[in-house]
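The structure under discussion appears below in the form of structure tokens.
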Amino acid sequence: MSRCSFGDRASDRHLCQSLVDWFGLFARDLPWRSGRSAYAALVSEAMLQQTQVSRVVDRFNQFMKRFPDVESLAAAEQMEVLAMWQGLGYYSRARNLHQAARVIMDRFEGVIPSCPEQLQSLPGVGRYTAGAIASIVFDRPEPIVDGNVQRVLMRLHARRGEQSGSANINWTWKRAAELVGTTDDPAAFNEGLMELGATVCSRNSPSCDSCPLADHCRSLEAGMVDSIPRPRKRAARTALHQYCVVFRRRDKLLLQQRAGKGLWANMWEVPTIESRTRISSESIVDRFPVPLVDIERIDRFVHRTTHRDVTFHVYRGSTRQRSGHWHDIGHLDEVPLSNPQRRLIAAVLD
DNA sequence: AATCCGGGGAC
DNA sequence: GTCCCAGGATT
């Protein structure tokens, strides 16, 4: 197994030190890096899952202002937590983070644990996030592997294949563990590895001229940087149609909450029926959950997610129904709505 | 091992 | 159009 592609220990120590030194000089000034509380790390790591740093910075600051500690988050209503997450996507992260705060209060006396096993017992905290908190906050020599680390180490050792292949994933965890075990500063090493991937060893046009690890890089040596890792092929998207009717009564809109599983779970929406295929306007009226007096088509657009093309068919409607959750138009920010829901509501109200 | 879960930025 | 992003849970 251990081939010559694994550097010897002296070489590894040099590599780690080069990276730690580089990180000390070039680390970006990010909000969750000041203070270094375990709570800030937990929140930022949850937000950063599959999400780029630039999209998170403002949202992290807002979230921390509203929920400054584990206790305040644990005490919050789910609706408000989801509303703070609105637009970030992958809303199970918010539900899991909220639940994690309650577990920390109930089972860990309000103190975020430092050992990876206990961290991983928290909902939404997997191998990566547990390792990140353990190493970055508590200085433990725990490895972490995210998309950046995977790409950097594969390039460093000229590993062929896709990032997502299990052989490469296992190999990368092993190599990351080996490296973090040789450094004196696991926190700076792990963050440096991710930082390098995000800013220098980027997916498309890496800046090898300014890379602190260029002397160690097998794929640079072999001229293979651009072909590692190989792009993965993705499954085709499936179609989904949503027929959405905006009911307005004075300054209120009728809203409903989505199911607890699946797309946009537990998020809110205007009354909607879903179908895998297009359906006629007659069957819309027949199947609609709210008794319709009449409807008028306003808009239609396609919202694309990773796995679906969702066509939103947008109507304005009227009803005599008084029951249900009629929400103030001026306070829609307090309601967790997906981005396409905000878009269609705006299209009808404007 | 494969699939699902959002949304947007970069190309 | 494509790919990817400080991944995790579920099947």
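All figures in this text were calculated on a predicted structure; none of them were measured in a lab. The figures here come from the full heavy-atom set of this structure, side chains too, leaving out hydrogens, waters and symmetry mates. Chain naming here is simple, since letters A, B, ... match the order of the sequence lines and numbering starts at 1 in each.
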Between [X] and [N], is there a side-chain N or O to OP1/OP2 distance below 4.0 Å?
{"X": "A:R95", "N": "B:dC5", "result": "no"}
{"X": "A:T129", "N": "C:dG8", "result": "yes"}
{"X": "A:H307", "N": "B:dC5", "result": "no"}
{"X": "A:Y90", "N": "C:dC5", "result": "no"}

Distance check, [atom1] atoms only: [N] and [M], in whole angstrom units.
{"N": "C:dC3", "M": "B:dG6", "atom1": "C1'", "value": "15 Å"}
{"N": "C:dT10", "M": "B:dG7", "atom1": "C1'", "value": "22 Å"}
{"N": "B:dC11", "M": "C:dA6", "atom1": "P", "value": "14 Å"}

Practice prompt. Taking all heavy atoms of A:A94 and all of A:V81, pick out the closest pair and write down the distance.
Written response: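 Taking every non-hydrogen atom into account, O-CG1, 3.9 Å.
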
[N] [atom2] sits how many Å from [X] [atom1], rounded?
{"X": "A:Y91", "N": "B:dG6", "atom1": "OH", "atom2": "P", "answer": "7 Å"}
{"X": "A:K233", "N": "B:dA1", "atom1": "NZ", "atom2": "P", "answer": "15 Å"}
{"X": "A:L48", "N": "B:dG7", "atom1": "CG", "atom2": "P", "answer": "18 Å"}
{"X": "A:Q49", "N": "C:dC4", "atom1": "CD", "atom2": "P", "answer": "19 Å"}
{"X": "A:R234", "N": "B:dC5", "atom1": "CZ", "atom2": "C1'", "answer": "12 Å"}
{"X": "A:R127", "N": "C:dA9", "atom1": "CZ", "atom2": "C1'", "answer": "16 Å"}
{"X": "A:R59", "N": "B:dG7", "atom1": "CZ", "atom2": "P", "answer": "11 Å"}
{"X": "A:M47", "N": "B:dC5", "atom1": "CE", "atom2": "P", "answer": "22 Å"}

Between [options], which one does the side chain of [X] approach most closely?
{"X": "A:R93", "options": "B:dG6, B:dG7, B:dA1", "answer": "B:dG6"}
{"X": "A:R237", "options": "C:dT2, B:dG6, C:dC4", "answer": "C:dT2"}
{"X": "A:Q50", "options": "B:dC4, C:dC5, C:dA6", "answer": "C:dC5"}
{"X": "A:S166", "options": "C:dA6, B:dA1, C:dG8", "answer": "B:dA1"}

Worksheet item: Considering the options A:K261, A:R258, A:Q78, which one meets the side-chain hydrogen bond (donor to acceptor under 3.5 Å, both in side chains) requirement together with A:N266?
Response: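 Option passing the side-chain hydrogen bond (donor to acceptor under 3.5 Å, both in side chains) with A:N266: A:Q78.
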
Geometric class of the [Y]/[X] ring pair [parallel <30°, tilted 30-60°, perpendicular >60°]:
{"X": "A:H157", "Y": "A:W171", "value": "perpendicular"}
{"X": "A:W85", "Y": "A:F63", "value": "perpendicular"}
{"X": "A:F312", "Y": "A:F301", "value": "parallel"}
{"X": "A:W32", "Y": "A:F60", "value": "perpendicular"}

With a 4.0 Å cut-off on heavy atoms, is [X] in touch with a base, just the backbone sugar-phosphate, or nothing at all?
{"X": "A:W32", "value": "base"}
{"X": "A:R230", "value": "nothing"}
{"X": "A:V56", "value": "nothing"}
{"X": "A:L30", "value": "base"}
{"X": "A:R232", "value": "sugar-phosphate"}

Item to complete: Test A:E195 against A:R33 for salt bridge (Lys or Arg N to Asp or Glu O under 4.0 Å), laying out the working first.
Response: CA-CA 12 Å; A:E195 189 85 348; A:R33 285 180 175 163; 2.9 Å; yes

Discussion item. If you define the side chain from C-beta out and look only at heavy atoms, does anything of A:I345 sit under 4.5 Å from A:I329?
Written reply: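 In short, these two side chains do not touch, never coming nearer than 4.5 Å.
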
Practice prompt. Before giving the answer on side chain to side chain donor-acceptor pair (under 3.5 Å), spell out for A:D21 and A:Q17 the whole-Å C-alpha distance, their side-chain angles and the decisive distance to 0.1 Å.
Written response: CA-CA 6 Å; A:D21 291 344; A:Q17 195 55 49; 3.0 Å; yes

Fill in: Selection: residues 258-279 of chain A, any non-hydrogen atom under 4.0 Å of DNA chain B
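Heavy-atom cutoff 4.0 Å gives A:G262, A:L263, A:W264.
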
Worksheet item: Should A:S72 and A:D69 be marked as a side chain to side chain donor-acceptor pair (under 3.5 Å) after you check the CA-CA gap, both sets of side-chain angles, and the distance that decides it?
Response: CA-CA 6 Å; A:S72 59; A:D69 47 39; 2.9 Å; yes

Fill in: Closest-nucleotide 5' rank along DNA chain B - winner of A:P340 and A:T238
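Residue closer to the 5' terminus by nearest nucleotide: A:T238.
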
Discussion item. Both A:L88 and A:N170 contact DNA chain B. Taking the nearest nucleotide for each, which residue is further toward the 5' end?
Written reply: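 Between the two, 5'-proximity favours A:N170.
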
Atom pairs, protein N/O to nucleotides 8-11 of chain B N/O, distance under 3.5 Å:
unit_1: B:dG8; atom_1: OP1; unit_2: A:N339; atom_2: ND2; d: 2.6

Practice prompt. Before accepting this row, confirm whether a basic side-chain N of the pair A:R232/A:E162 lies closer than 4.0 Å to the acidic partner's carboxylate O.
Written response: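 Not counted as a salt bridge, because no side-chain N and carboxylate O are separated by less than 4.0 Å.
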
